[in-house]
There are 2 protein chains.
Amino acid sequence: MESGVQVSTPECAGMLNAIGDSLYVIGGKWKLRVIVALGEGNKRFNEIQRTVDGISARVLSSELKELEMNGFVKRIVHTQTPVVVEYQLTDYAGTLSEVLRTLAEWGTKHRDKIRRER
Amino acid sequence: MESGVQVSTPECAGMLNAIGDSLYVIGGKWKLRVIVALGEGNKRFNEIQRTVDGISARVLSSELKELEMNGFVKRIVHTQTPVVVEYQLTDYAGTLSEVLRTLAEWGTKHRDKIRRER
DNA sequence: CGGTATCCCACAGGATACTG
DNA sequence: CAGTATCCTGTGGGATACCG
């Protein structure tokens, strides 16, 4: 091994399953982006929608529900008048920080590469 | 900050775009899994299909084409008889190693967490 | 504002059959 | 074996309208 092509750990099968598990929970078009958006701090529904470019209300609503079910997001209702609803990341969402970091890093480098090629 | 909830870097917008770029290229249900499968070493078409559980020939074919277009995979035709076709990761696929590592690590931990909860 | 309900379509992707 | 062609379904997700 010299060029970094060999990506796998000794047993590839375990890695395959582990990656499968990850994608099952945080895969898809929006989940990670919503989480990143909330990484800035608590947000209200429409704020999130404005931050995550292109997401519709319907989809955001269902994504937030799934994220809540999976323990990444907490929904906080401030019972003032008018009622204010905030979403915030849970501690568990913090376990994704390394994933997000590497993914963002790679995306940046990849974009640069594409730029250079054109 | 004490609990790791704060996932974002100073500017979240950049991270949002970077993650978006990543997902655009390596997002989806199969791409990363095909790459991991090839991480074991070169493979033939049907070998890959057997390794990546659940993928159909049609889908694998199109995924391989996209991965080739994006510079992750090289298609090698050995012109013997019978003709043998191999797929191998390029050096560029190696740039994903950190992403794959963190993703696999997280997936493993997450599965453990789910197990404990049930 | 913070959503939910409905409708609808595009497309990912499964099944099967077929070819060199 | 290594795919391609065809067909078909499920569903992700957009648009719009509506409600408390």
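Lettering follows sequence order; numbering is per chain, from 1.
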J.: What is the separation between atom CG on B/Leu23 and atom P on D/dG13, rounded to the nearest whole Å?
T.: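 It is 11 Å, rounded to the nearest whole Å.
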J.: Output the single nucleotide from C/dT4, D/dA2, C/dG14 whose closest atom is nearest the side chain of B/Arg44.
T.: D/dA2
J.: Can you tell me which nucleotide in C/dT4, D/dG3, C/dG14 comes closest to the side chain of B/Lys29?
T.: C/dG14
J.: Please determine whether a side-chain nitrogen or oxygen atom of A/Ser61 lies at a distance below 4.0 Å from atom OP1 or OP2 of C/dT4.
T.: yes
J.: What is the distance from CZ of A/Phe45 to P of D/dG20, rounded to the nearest Å?
T.: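 The distance from CZ of A/Phe45 to P of D/dG20 comes to 18 Å, rounded to the nearest Å.
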J.: Counting only side-chain N and O atoms of A/Arg58, is one of them less than 4.0 Å from OP1 or OP2 of C/dG3?
T.: no
J.: Have a look at B/Val99 and tell me which of A/Leu103, A/Ile19, A/Val99 forms a side chain to side chain contact (heavy atoms under 4.5 Å, CB included) with it.
T.: A/Leu103
J.: State which of C/dT4, D/dG14, C/dG13 makes the closest approach to the side chain of A/Trp30.
T.: D/dG14
J.: Please determine whether side-chain hydrogen bond (donor to acceptor under 3.5 Å, both in side chains) holds for the pair B/Thr51 and B/Lys43, giving the CA-CA distance in whole Å, both sets of side-chain angles, and the decisive distance to 0.1 Å.
T.: CA-CA 10 Å; B/Thr51 308; B/Lys43 291 225 163 140; 3.1 Å; yes
J.: I want to check something: taking the side chain as every heavy atom from C-beta on, are A/Ile76 and A/Tyr87 in contact at a cut-off of under 4.5 Å?
T.: no
J.: Quick check on C/dG2: is either OP1 or OP2 less than 4.0 Å from any side-chain nitrogen or oxygen of A/Arg50?
T.: no
J.: Roughly how many Å is it from NZ in B/Lys65 to C1' in D/dA5, rounded to a whole number?
T.: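 Between C1' of D/dA5 and NZ of B/Lys65: 11 Å.
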J.: Which nucleotide in the list C/dG3, D/dG13, D/dG3 gets nearest to the side chain of A/Glu63?
T.: D/dG13
J.: Can you tell whether the side chains of A/Glu63 and A/Lys31 come within less than 4.0 Å, N to carboxylate O?
T.: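 Between A/Lys31 and A/Glu63 there is a salt bridge, with a charged N closer than 4.0 Å to a carboxylate O.
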J.: Round to the nearest Å and state the distance from A/Glu66 atom CD to D/dT11 atom C1'.
T.: 12 Å
J.: Let me know the distance between CD of B/Gln49 and P of D/dA2, rounded to the nearest Å.
T.: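 From B/Gln49 CD to D/dA2 P: 10 Å.
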J.: Would you mind reading off the distance between A/Tyr24 atom OH and D/dG12 atom P, rounded to a whole angstrom?
T.: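 Checked: the OH to P distance equals 11 Å.
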J.: Which distance, rounded to the nearest 0.5 Å, do you find between the CD of B/Gln88 and the CZ of B/Phe72?
T.: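 B/Gln88 CD to B/Phe72 CZ: 15.0 Å, rounded to 0.5 Å.
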J.: Which nucleotide, D/dG3, C/dG13, C/dG2, lies nearest any side-chain atom of A/Asn46?
T.: C/dG2
J.: Round to a whole Å and report the spacing from CG of B/Leu64 to P of D/dA2.
T.: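 In whole Å, D/dA2 P and B/Leu64 CG are 11 Å from each other.
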J.: What is the distance, to the nearest angstrom, from the CG atom on B/Leu60 to the P atom on C/dG13?
T.: 12 Å
